[in-house]
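Atoms within each ligand, like the ligands themselves, are counted from 1 in listed order.
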Amino acid sequence: MLNLPDIIIAVDGYSSTGKSSFAKLVAKEFGFVYLDSGALYRAVTLFAQESQLISRMNIINPALEREIQDLPLRFSPDNRTFIGDRCVEKEIRSMEVSSQVSPISALQYVRDFVDRKLHEYGAHGRVVMDGRDIGTTVFPDAEIKVFMTASDEVRAKRRYDELVAKGEFPVFEEVVKNIKERDYIDSHREASPLQRAADAFELDNSNMTISEEVAWLKGLVQGKFNIL
Ligand code: DC
């Protein structure tokens, strides 16, 4: 294992570019903690849906701001997402949550709430965090920033396979539509839109295996910290 200082590795990019698989494996290889910021936005969305604070037409009740302040969101040591004692890992990955997470995550008060949690978890470094605005807004001083991209087809296929593996019955065209919609909202919203940080390294993994991706990052980190 590389002998690294207590750094933060920020992994941002479009939906279904394989950020979480990459970030998880990097964390494992480096002995760091993996943190999935999208899981927190998804958990807030699930909470809003279950509390009927968001309508089918994406109308959000302003009471959500007050209601989330004490929401006991947390990650377990094995990276599962909990609201209090309830593990919501499966529910937050459903199409239902995916279809409403972008309007919820566009709200500044939701972003502030999630950012506070992420800062608690990332306070001591040695984390790999994935999301949309980690390198630009949450941890703009992260020592290593990666911006991931992949072709639309590759991304839709990955998302589709993921949902099938979970026992869902997705319609491929709907998966494509959801990815495109999320890309659009995520990169056009006013509050910390998805964009590449000026000092981020771009990783297009359309034609790469995950071990090639990790080897690429290792090389980059070794170069930056002069580690052989
Ligand atoms: O990474 P993901 O697909 O699980 O993220 C779900 C949604 O959360 C995504 O559509 C946008 C939002 N998100 C965000 O706005 N900022 C982040 N740092 C992470 C996710």
Side-chain angles (χ1 to χ4, degrees), residues 8-24 27 34-49 54 58 60 64 68 73 75 79-81 88-122 127-140 142 145-150 152 154-156 158-163 166 168 170 174-197 200 203 205:
I8 291 181
I9 300 179
V11 179
D12 290 305
Y14 293 100
S15 299
S16 302
T17 42
K19 296 186 297 292
S20 64
S21 315
F22 171 70
K24 261 182 215 161
Y34 163 65
L35 294 170
D36 173 2
S37 66
L40 299 183
Y41 288 105
R42 287 173 177 275
V44 172
T45 305
L46 178 71
F47 170 76
Q49 290 173 334
I54 182 166
N58 290 345
I60 297 161
L64 181 66
I68 59 171
L73 278 195
F75 292 118
N79 278 324
R80 285 175 306 146
T81 313
V88 292
E89 201 47 47
K90 186 161 188 286
E91 293 87 332
I92 63 171
R93 312 285 168 193
S94 67
M95 268 303 265
E96 205 180 343
V97 166
S98 296
S99 68
Q100 293 199 303
V101 66
S102 281
I104 292 281
S105 58
L107 297 167
Q108 187 63 56
Y109 61 82
V110 172
R111 304 204 71 81
D112 293 343
F113 169 74
V114 168
D115 288 0
R116 280 201 300 279
K117 296 267 167 205
L118 296 175
H119 274 270
E120 279 168 28
Y121 282 105
V127 297
V128 185
M129 195 175 286
D130 79 356
R132 303 291 188 289
D133 64 338
I134 309 303
T136 50
T137 307
V138 185
F139 287 107
K145 299 180 187 176
V146 177
F147 190 79
M148 291 182 69
T149 60
D152 289 356
V154 168
R155 294 191 296 137
R158 280 183 192 149
R159 185 79 190 121
Y160 179 86
D161 290 347
E162 228 172 74
L163 290 166
K166 276 181 197 141
E168 292 198 30
E174 270 174 34
V175 175
V176 175
K177 190 167 162 257
N178 175 256
I179 284 186
K180 289 196 171 160
E181 268 171 16
R182 283 204 286 151
D183 283 352
Y184 186 85
I185 304 181
D186 294 346
S187 41
H188 288 82
R189 67 179 174 224
E190 213 167 293
S192 8
L194 166 66
Q195 58 189 22
R196 184 191 151 170
L203 173 62
N205 67 3

Report summary line: Sorted by chain and residue number, the side chain to side chain contact (heavy atoms under 4.5 Å, CB included) partners of Asp152 (sequence neighbours excluded) come out as Arg155, Lys180
Query raised in the report: Where do Glu168 and Glu96 land on the side-chain contact (heavy atoms from CB on, under 4.5 Å) test, with the steps shown first?
Result: CA-CA 11 Å; Glu168 292 198 30; Glu96 205 180 343; over 6 Å; no
Report summary line: Output for ligand 1, non-hydrogen cut-off under 4.0 Å, lists Ser37, Gly38, Tyr41, Arg42, Val101, Ser102, Ser105, Arg111, Gly131, Arg132, Asp133, Ile134, Arg182, Asp186, Arg189
Report summary line: Closest non-hydrogen atoms of Val97 and Thr45, given as atom of the first, atom of the second and distance, are O-CG2, 3.9 Å
Query raised in the report: With sequence neighbours left out, what residues match Thr17 under side-chain hydrogen bond (donor to acceptor under 3.5 Å, both in side chains)?
Result: none
Report summary line: The complete set of salt bridge (Lys or Arg N to Asp or Glu O under 4.0 Å) pairs with one or both residues in residues 35-44, sequence neighbours excluded, reads Asp36-Arg93
Report summary line: Only residue of Arg182, Arg159, Glu181 satisfying side chain to side chain donor-acceptor pair (under 3.5 Å) with Ser98 is Arg159
